[in-house]
Peer 1: 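One structure, pasted below without further comment.
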Amino acid sequence: MEKIQIAEILRSGKVGTEITVKGWVRTRRGSKNVNFIALNDGSTINNLQVVAEIEIFGEEIFKSINTGAAIGATGILVASSGSGQSVELKAEKIELIGLSDPDKYPIQPKRHTLEFLREMAHLRPRTATFSAVFRIRHAMIFAIHSFFNDRGFFNVHTPIITSSDAEGAGEMFRVTTHPATNPPLNEEGKVDFTQDFFGKAANLTVSGQLEGELFAMALSKIYTFGPTFRAENSNTSRHLAEFWMIEPEVAFCDLTDNMDLAEDFLKYLINYALEHCMDDLMFLSSRLTEEEKVKPADQRSMELIEKLRFVADNDFIRLTYTEAIEILKNSKPNKKGKFQYPITGYGTDLQSEHERFLVEQEFKKPVILTNYPKEIKAFYMRLDDNGQTVAAMDVLFPQIGEIIGGSQREERLEMLERRMDEMHIPKEDLDWYLDTRRYGGCPHAGFGLGFERLMLFVTGMGNIRDVIPFARTPKNCEF
RNA sequence: UCCUUAGUAGCUCAGUUGGUUAGAGCGGCGGACUGUUAAUCCGUAGGUCGUAGGUUCAAGUCCUACCUGAGGAGCCA
């Protein structure tokens, strides 16, 4: 008898047919005549109830059917006489596949804190919450490729190990085969990288953008989707040392096209989740609602599915930095001195309190902020005609803040070189990058989407460590 | 990195102005009972109070340092 997935059974299983299922025991409720086993195989948030009569199996076997154990069950699918489910499996045969010592198995059929489960990252996918999160994560990965593929984009694998450290997106992790103690030194007494594996200093990538641009200047529309690494000592619920980033790059494309792409992309992904992950979203939603009950009414956020629909159905607000400053300057909290960092005028750096005000108070929907002062943005962003601002865009989401950062790139060789000089970017290290401006340069634009930040939004989870299988953060590299 | 806060049983927590043998619920185990649904009822085991120092007749409780978690800030995606 071939086994079928529980998702398949619950979707289209026919009452009266014989089936075999294999999975892990979530709970077992025993009694004198009959035992009820909630079985889950990870294919869906829902369990299949296996009904096992003691008359058939005896009492001994049930001592091994504990939470966490792997078992197989064969029997007839029948309509359930209980109220919690429509169908259940009336077991004729039960196979013990992998035992789980109930005295030691740490995941109990009760609520655990996410912090506790985080320490058990190897077992947490067996919980309802994390299985839901990681099924949604898969759906989002799939949807990302599908979105770009449908629109004629090509996926490019940009390098993970890179010698380019000129981008300045953050602190980098060094990649070396030098011994940890007494590495070879040069005449100046510094580490001699010419003797290292690559013959030069190498790091883990902080972004595939620059290499992505090279391919956009040949294939027109590309995207990367890979791991990126930041050695920043960031201890927040929104940062990881290792995270996944999606970076589309499009030739013959300006800032407006870029904003359109970003907005379409995010809405597509959210709609995809609503269409394909409703069971999991509903579970996460009710879990969140439960948690919110302890919060004061004014601090509660919108129900998860309602929130997703709202973002998918409404246009994002588009606003220049200069307009945002005006709004903030005249806002109530600024006038009443409620901002920790008061807004005085053009040039003030926007803090998260300001971004949150715009997104959560003023507009109550996602905001795309554009045309920031050149001083606070990267060298490759295209200088606006006013000579002051650059064609940058940040997409700000409620609760999360910046989910996307992007820009139209500076395609004019002279301007780019001038910006690099101003910002002390070594041109000789990026000669290959400048070549794209020397030979057939064209207006182009792109952005980076932090995949785990998208996951935070879609799942409603509060901590980024809970939407990636194994989180890497300062002082934490378990598993 | 900075600010705030926490660490007591497997989990979630209580533990008064320092004072005898550190408690509860859940989970585990044993039993009873029942087509159960976070089942219910009875019983039972389970603790170097984060670590290291210190103050004191006496420290879970006070002090210092460190470690770890959480919330917020900065950096950003």
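Source: prediction; values computed, not measured.
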Peer 1: Check this for me: does the side-chain of Ser234(A) come within 3.5 Å of the base of rC76(B) through a donor and an acceptor?
Peer 2: no
Peer 1: Classify the nucleic acid contact of Ile403(A) as base, sugar-phosphate or nothing, counting any heavy atom under 4.0 Å across all strands shown.
Peer 2: sugar-phosphate
Peer 1: Side-chain donor or acceptor of Gln108(A) under 3.5 Å from a matching atom on the base of rG10(B)?
Peer 2: yes
Peer 1: Rounded to whole Å, please give me the gap between NE2 in His239(A) and P in rU1(B).
Peer 2: 16 Å
Peer 1: Using 0.5 Å steps for rounding, measure from the CG atom of Leu396(A) to the NZ atom of Lys365(A).
Peer 2: 14.5 Å
Peer 1: Determine whether the side chains of Arg287(A) and Thr289(A) contain a donor N or O and an acceptor N or O closer than 3.5 Å.
Peer 2: no
Peer 1: Quick one: are Leu39(A) and Val25(A) in side-chain contact, heavy atoms under 4.5 Å?
Peer 2: yes
Peer 1: Going by modelled atom types, is there a donor-acceptor pair between the base of rG35(B) and the side chain of Glu88(A) at under 3.5 Å?
Peer 2: yes
Peer 1: Hey, does Gly82(A) reach any base, or is it just sugar-phosphate, or nothing, if we go heavy atoms under 4.0 Å?
Peer 2: base
Peer 1: For Phe243(A), answer base if it contacts any base atom (sugar-phosphate contacts may also be present), sugar-phosphate if it contacts only those atoms, and nothing otherwise; contact means non-hydrogen atoms under 4.0 Å.
Peer 2: base
Peer 1: If only side-chain N and O atoms count, and only distance matters, is there a donor-acceptor pair under 3.5 Å linking Asn66(A) with Asp101(A)?
Peer 2: no
Peer 1: NA contact type, Pro106(A), heavy-atom cut-off 4.0 Å: base, sugar-phosphate, or nothing?
Peer 2: nothing
Peer 1: Does any N or O donor sit under 3.5 Å from an N or O acceptor when you compare the side chain of Asn235(A) with the base of rU1(B)?
Peer 2: yes
Peer 1: Any donor-acceptor pair under 3.5 Å joining the side chain of Gln85(A) to the base of rU36(B)?
Peer 2: yes
Peer 1: Should Glu53(A) and Lys90(A) count as an ion pair when the cut-off is N to O under 4.0 Å?
Peer 2: yes
Peer 1: Anything below 3.5 Å on both distances counts as a pair; with that, list the stems of at least three consecutive Watson-Crick or G-U pairs involving RNA chain B.
Peer 2: B:1-7 with B:67-73, B:10-13 with B:23-26, B:28-32 with B:40-44, B:50-54 with B:62-66
Peer 1: Please list each protein N or O that sits under 3.5 Å from an N or O in nucleotides 65-68 of chain B, with the distance.
Peer 2:
none

Peer 1: Is there a side chain to side chain contact (heavy atoms under 4.5 Å, CB included) between Leu255(A) and Arg382(A) once you walk through the steps?
Peer 2: CA-CA 9 Å; Leu255(A) 188 64; Arg382(A) 191 179 196 278; over 6 Å; no
Peer 1: Is Ile107(A) touching bases, backbone alone, or none of the nucleic acid, heavy atoms closer than 4.0 Å?
Peer 2: nothing
Peer 1: Heavy atoms only, 4.0 Å cut-off, all strands: where does Arg356(A) land among base, sugar-phosphate and nothing?
Peer 2: sugar-phosphate
Peer 1: Kindly state each residue pair satisfying ring pair (Phe, Tyr, Trp, His ring centres under 6.0 Å) with at least one member in residues 30-82 of chain A, sequence neighbours excluded.
Peer 2: none
Peer 1: Go nucleotide by nucleotide along RNA chain B from the 5' end; which of Gly462(A) and Lys377(A) gets its closest nucleotide reached first?
Peer 2: Gly462(A)
Peer 1: Map Glu353(A) and Gly401(A) onto RNA chain B by nearest heavy atom, then report which one ends up closer to the 5' terminus.
Peer 2: Glu353(A)
